[in-house]
Amino acid sequence: MRRAVLLMCDGLSREWISPERTPNIWAMKQSGLWCADHRAVFPSVTRASAAAVATGYTPGNHGLHGNRMCFLVDGKLEVRDAGLPDFRDHMRRATGRTLHVPTMAERLNGDCVAFSNVSPGAAYFLDPDHHGWVYHRAGCFGPGGEPITGDDALTVPSDPDGDAVMVERFCGEVLEERRPKLAICWQCSPDKTGHTEPLLGPVHTAAMAAADRHVAQVFAKVQELRAAGDDVLFLVGSDHGMESIGPRVHVGERLVAAGLKDALDSGDVAVACQGTSALIYVAPGYESRIDGLRAYLKDADWAASVFEGDGLKTLGARPDYGLTFAVDTAYVEKDNGHGVTGQRYEAIDGAEGDAAGAFAQHGGIGPRETAPFLVVDDGSGSGRERAETSSLPNIAPTILGYLGVAAEGLQPSLL
Ligand SMILES: [Zn+2]
């Protein structure tokens with residue numbers, strides 16, 4: 001029987017993988033296909049990335065713009081948080097469905113079990129219409145959205161200890177007993193720790209080591225399954241890396257102060273913050289604001305690169321629902337005290353301040369956040385390196401191709 005297992009280590013930048021920090025992932029380079037130029041999608045945030053992994057499309061094509069996005073409601077812009085439970089209802093009302101393209105779970109007729117320990121939105125966008133099984137502490141669901149409760153539910157905390165419990169159960173219950181065609185396990189480490197601790201500091205380093213130990217645990221189970229006769233494709237990767245944070249800017253407030261947006265909650269111009277990037281939407285009828293916004297963004301200290309029009313397409317984004325500008329935030333040249341150089345401005349909708357490298361974020365097109373890792377191990381035992389660029393949307397066609405399921409319209413398989 002052919003099966004695929006995908007294990008994600010959220011937020012683990014490729015440059016941090018080393019024999020000392022992550023010996024088990026490092027060792028996998030000896031047996032699998034190491035994607036030496038694996039890239040994140042834009043924005044490099046988890047919810048949009050989960051949908052890119054699940055479907056094989058970039059955010060502009062799968063339709064989930066980021067961790068937050070705008071919809072047009074009666075001609076006004078409304079910013080919605082994709083992490084909230086009612087987000088999928090807003091998306092259905094605005095677009096007629098959730099994602100614009102099918103997930104692997106749908107293409108596999110529901111023969112997919114996903115365990116996720118990140119945000120609810122990132123978990124549910126692996127299979128937003130409930131073709132298969134999704135387990136998350138905010139609610140576990142089987143096919144058709146049937147709730148899974150009691151001891152069968154997954155209620156682990158979103159931290160390295162919770163990952164450990166989830167991975168243990170994933171190996172036994174999912175890989176050994178239930179044996180779906182596709183099994184996905186999405187750890188919150190080291191991302192969750194990186195959002196509260198300095199990159200490469202002792203706590204972040206320990207979170208990377210924990211995620212790496214779980215890689216060895218799942219790989220050992222995969223080897224057992226192979227020895228027992230299954231053909232198993234094993235993919236281990238991350239969705240993005242992270243960048244140290246310095247100054248934090250309330251982008252909406254700045255636009256109001258510049259006279260480019262009527263009020264913080266107004267529906268004329270709206271900002272969907274994505275950590276180290278921001279999406280700026282302009283409602284129909286307010287196009288006269290665009291020249292002023294462009295001029296403001298060109299001079300803003302917090303904005304490094306501004307994309308619009310065809311520039312959005314080069315990022316894999318699309319100008320739906322009034323999306324007009326994508327802004328990547330600037331750097332300040334400061335070390336975080338643990339050898340990580342450069343601190344990024346963070347786009348927020350809360351109080352401004354300076355984090356001074358005390359924690360990290362992602363979302364933009366910086367060098368660390370856009371360099372996740374990926375190893376694809378098909379059991380052949382020969383390590384090799386792929387120099388050509390690959391990206392999160394290459395994962396679904398690689399899995400579907402291995403399982404012999406049609407993947408029309410998708411990127412090529414990596415195998
Ligand atoms: Zn992530």
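Computed from a predicted structure; not experimentally measured. Nothing fancy with the numbering, it's 1 onward along the sequence. Both ligands and their constituent atoms are indexed starting at 1 by order of listing.
Between the side chains of H204 and T193, no donor-acceptor pair is found at a separation under 3.5 Å. A side-chain donor from one of R318 and N61 sits under 3.5 Å from a side-chain acceptor of the other.
Geometric assessment of R80 against the ring of F71 yields a negative cation-pi assignment under the 6.0 Å and 45° thresholds.
Shown are E369, H362, Q361; of these, the side chain to side chain donor-acceptor pair (under 3.5 Å) with R344 is made only by E369.
Rounded to 10°, the angle that OD2 of D239 and OG1 of T46 form at the Zn ion (ligand 1) is 110°.
For the Zn ion (ligand 1), the N/O/S atoms of D10 include one lying under 2.8 Å. Backbone or side-chain N, O or S atoms of H240 reach the Zn ion (ligand 1) at under 2.8 Å.
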